[in-house]
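What follows is a short report on a single structure.
Just so it is clear, the structure is predicted and the values come from calculations on it, not from any experiment. Along the sequence shown, residues are numbered consecutively beginning with 1.
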Amino acid sequence: MKTLKINELFAGINGESTFIGLPFVFVRTTGCPLRCSWCDTRYAYEEGENRPIDELLKDIEDFGLSNVLLTGGEPLMQPASMDLMSQLLERDYLVVLETSGAADIADVPGGVAVVMDLKCPSSGMAERMFWNNIKHLSDDDQVKFVLADSDDYAYAKQLLERHELTRRCPVLFQPAFGLLDPAKLTRWVLEDRLEVRCMIQQHKYIWPPDKRGV
């Protein structure tokens with residue numbers, strides 16, 4: 001019986017990406033190969049318990065929602081996440097995968113909306129990106145940059161141009177919570193006329209920023 005090590009399973013409002021504001025069932029997996037400086041889910045590095053996929057599917061169904069988000073941690077560290085996503089698609093869920101950009105997305109089931117980070121220098125993990133992922137992005141996917149300062153912004157601009165990212169899929173610029181003023185980031189984007197979405201982590205403004213299970 002295939003299992004996944006799960007850190008959290010809960011219903012909440014999506015606070016990031018173009019799905020912002022929609023109710024989702026969140027499946028937070030345990031484990032991540034990266035150690036971003038501003039990571040807000042360090043508790044998912046190790047904490048969790050192994051859950052059979054059949055049991056997870058039943059628990060997800062019990063929430064009564066049609067949208068499911070796999071996040072982490074890094075879901076793609078566990079091969080069984082592919083099985084879970086495939087079975088969710090077979091049950092007609094909208095399935096979204098949040099991934100760090102360091103794991104290969106080539107085998108993610110078709111029909112899953114991938115929200116992929118491209119790490120900036122302030123994260124300390126920019127050199128860990130798996131650049132071959134870019135060619136697998138479709139217009140159903142999204143690329144997210146978490147920005148902590150002007151150096152991150154300049155770096156993200158370079159990648160936008162080098163990889164023609166806005167031609168591939170929606171691109172999100174998100175200020176690292178508590179490190180970059182959203183108004184400042186928005187001003188930079190307007191001044192440079194970038195075709196990106198300025199996003200905040202909405203859930204951190206609805207609930208306390210360190211609250212789990214929301």
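Expressed to the nearest 0.5 Å, how far CG of L97 lies from CD of Q142 amounts to 11.5 Å. A distance of 5.0 Å separates CD1 in I60 from CG in L88, rounded to the nearest 0.5 Å. Considering NE2 of H203 and CD1 of I20, their distance stands at 9.0 Å, rounded to 0.5 Å. Atoms CD1 and OG1, from I53 and T3 in turn, are 7.5 Å apart once rounded to the nearest 0.5 Å. For the atom pair L137 CG and M116 CE, the distance stands at 4.5 Å (nearest 0.5 Å). With rounding to the nearest 0.5 angstrom, the OH atom of Y153 is 3.5 Å from the CG atom of D192.
The ring pair (Phe, Tyr, Trp, His ring centres under 6.0 Å) search around F10 returns F26, not counting sequence neighbours. Annotation: ring pair (Phe, Tyr, Trp, His ring centres under 6.0 Å) contacts of F177 (sequence neighbours excluded): Y205.
For residues 77-86, every residue pair satisfying the side-chain hydrogen bond (donor to acceptor under 3.5 Å, both in side chains) rule, not counting sequence neighbours, is listed here: K2-D83.
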* To do: Would you check, one step at a time, whether the test side-chain contact (heavy atoms from CB on, under 4.5 Å) holds for Q201 with D40?
  => CA-CA 11 Å; Q201 293 175 289; D40 57 2; 3.4 Å; yes
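Clustering of Ile, Leu, Val, Met, Phe, Trp and Tyr by side-chain heavy atoms under 4.5 Å joins V146 with W38, L179. Here Y43 is tied to no hydrophobic group at all, with no ILVMFWY side chain closer than 4.5 Å.
The number of heavy-atom neighbours closer than 6.0 Å to CD of E46, taken from other residues, nucleotides and ligands shown, is 12 or below. No more than 12 heavy-atom neighbours from other residues, nucleotides or ligands sit within 6.0 angstrom of CZ on R197. Within a 6.0 Å radius of CG in D181, more than 12 heavy atoms belonging to other residues, nucleotides or ligands are found. For E191, the CD atom sits in a packed shell: over 12 heavy atoms of surrounding residues, nucleotides or ligands are nearer than 6.0 Å.
Counting only distance, with no hydrogens or angles, the side chain of N7 and the backbone of R28 share no donor-acceptor pair below 3.5 Å. Distance alone, capped at 3.5 Å, places no donor-acceptor pair between the D117 side chain and the K119 backbone. Of the possible donor and acceptor atoms, one in the side chain of D152 sits under 3.5 Å from a partner among the backbone N and O of S122. No donor-acceptor pair closer than 3.5 Å links the side chain of N14 to the backbone N or O of L22. Judged by distance alone, the side chain of R91 and the main-chain N or O of Q87 form a donor-acceptor pair under 3.5 Å.
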Sequence neighbours excluded and cut-off under 3.5 Å, please list the side-chain donor-acceptor pairs for residues 64-77, or say none.
{"from": "N67", "atom 1": "ND2", "to": "P23", "atom 2": "O", "distance (Å)": "3.0"}
{"from": "T71", "atom 1": "OG1", "to": "E98", "atom 2": "OE1", "distance (Å)": "2.7"}
{"from": "E74", "atom 1": "OE1", "to": "T99", "atom 2": "OG1", "distance (Å)": "3.0"}
{"from": "E74", "atom 1": "OE1", "to": "S100", "atom 2": "N", "distance (Å)": "2.7"}
{"from": "E74", "atom 1": "OE1", "to": "S100", "atom 2": "OG", "distance (Å)": "2.8"}
{"from": "E74", "atom 1": "OE2", "to": "L76", "atom 2": "N", "distance (Å)": "2.9"}
{"from": "E74", "atom 1": "OE2", "to": "T99", "atom 2": "OG1", "distance (Å)": "3.0"}

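In this structure, R212 does not pair ionically with E8, as no charged nitrogen and carboxylate oxygen lie closer than 4.0 Å. Remark: D54 does not engage K58 in a salt bridge, criterion side-chain N to carboxylate O under 4.0 Å.
Under a hydrophobic clustering in which Ile, Leu, Val, Met, Phe, Trp and Tyr are joined whenever their side-chain heavy atoms come within less than 4.5 Å, directly or via other members, M125 and I105 fall into the same cluster.
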